[in-house]
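For reference, the structure discussed in these notes is given below.
These numbers come from a predicted model, not from an experiment.
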Amino acid sequence: MVSHVRLESKQNYQQQVCLSCVTGMYGCRWKRYRRSTDPTTLYEKVWLVVVIAAFIFMLMWLYFWLIAQNDSDDLNWHFWEDFSFWFDWFTLLFAWCIVALLYTALLLLMAIGHCFTGQQLYLHWFHKALQVLILAGCVVTAALMGKMWSSEFHLLAISLQVKTPVVVLTH
């Protein structure tokens with residue numbers, strides 16, 4: 001077994017504090033000898049696709065909640081009829097969406113930073129588990145909203161029809 005102390009004393013590293021922090025937050029590799037410039041494995045590339053998919057889904061959910069914001073009391077009313085107590089479920093789901101989107105965007109930015117600097121992508125298992133939970137939460141929420149609040153999906157389709165020409169024409 002090779003001692004990392006001996007290995008570290010033979011290697012010369014430049015001081016890269018920002019890269020160490022990004023690598024530590026993304027893959028929990030805080031030691032500088034654990035940063036690797038080896039090619040990224042296919043397994044980790046698949047997880048990068050999962051992070052991108054989670055980001056896109058959360059971006060779509062944020063748009064949905066922004067469109068449905070005017071009817072927030074209707075959603076709370078549906079939950080009140082089912083559970084017989086009043087709680088602002090809309091705000092809870094909207095806040096969950098924002099937090100998950102920011103978290104996923106931060107992971108995506110760190111992954112892009114790794115790609116640009118030539119570092120190996122290695123997503124920590126905790127981030128992998130949270131990405132799976134975020135995607136599962138998107139699917140479950142979509143199923144529940146489709147069942148309970150299908151009228152808002154029609155509003156979303158109309159909103160996209162109205163806003164798409166404006167977005168296309170401005171670019």
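Follow the hydrophobic side-chain contacts under 4.5 Å out from Leu144 and you never reach Trp96; the two are in separate clusters. When hydrophobic clusters are built by joining Ile, Leu, Val, Met, Phe, Trp and Tyr residues whose side-chain heavy atoms come closer than 4.5 Å, directly or via intermediates, Phe94 is not grouped with Trp80. No single ILVMFWY cluster, assembled from side-chain heavy atoms under 4.5 Å apart, contains both Val46 and Phe126. No path of Ile, Leu, Val, Met, Phe, Trp and Tyr side chains, each step under 4.5 Å between heavy atoms, connects Leu109 with Val99, placing them in separate hydrophobic clusters. Ile134 and Trp125 fall within the same hydrophobic cluster, where Ile, Leu, Val, Met, Phe, Trp and Tyr residues are linked whenever their side-chain heavy atoms come under 4.5 Å apart, directly or through other members.
The distance from the NE2 atom of His124 to the CG atom of Leu107 is 12.0 Å, given to the nearest 0.5 Å. To the nearest 0.5 Å, the span separating CH2 on Trp47 from CD on Gln131 amounts to 8.0 Å.
Leu130 approaches Tyr103 most closely through the heavy-atom pair CD1-OH, 3.5 Å. Taking every heavy atom of both residues into account, Val51 and Thr104 meet most closely at O-CG2, 3.5 Å. The shortest heavy-atom contact between Met58 and Ala100 is CE-CB, 3.5 Å. What you find for Leu123 and Lys128 is that their closest heavy atoms are O-CE, 3.0 Å. Of all the heavy atoms in Leu121 and His114, the pair that sits closest is CD2-CB, 3.5 Å. Contact between Ala105 and Phe55 at its shortest, heavy atoms only, is CB-CE1, 3.7 Å.
Counting heavy atoms from C-beta outward, Phe64 and Cys97 have side chains that stay 4.5 Å or more apart. Put simply, the side chain of Ile98 does not reach to within 4.5 Å of the side chain of Leu101, judged on heavy atoms. Put simply, the side chain of Val139 does not reach to within 4.5 Å of the side chain of Leu135, judged on heavy atoms. Looking at Leu92 and Trp89, their side chains come closer than 4.5 Å, going by heavy atoms from C-beta outward.
The 12-atom threshold is exceeded at CH2 of Trp86, counting heavy atoms of other residues, nucleotides or ligands nearer than 6.0 Å. Within 6.0 Å of CZ in Phe57 there are 12 or fewer heavy atoms belonging to other residues, nucleotides or ligands.
Listed by chain and number, the residues in a ring pair (Phe, Tyr, Trp, His ring centres under 6.0 Å) with Phe90 are Trp65 (sequence neighbours excluded).
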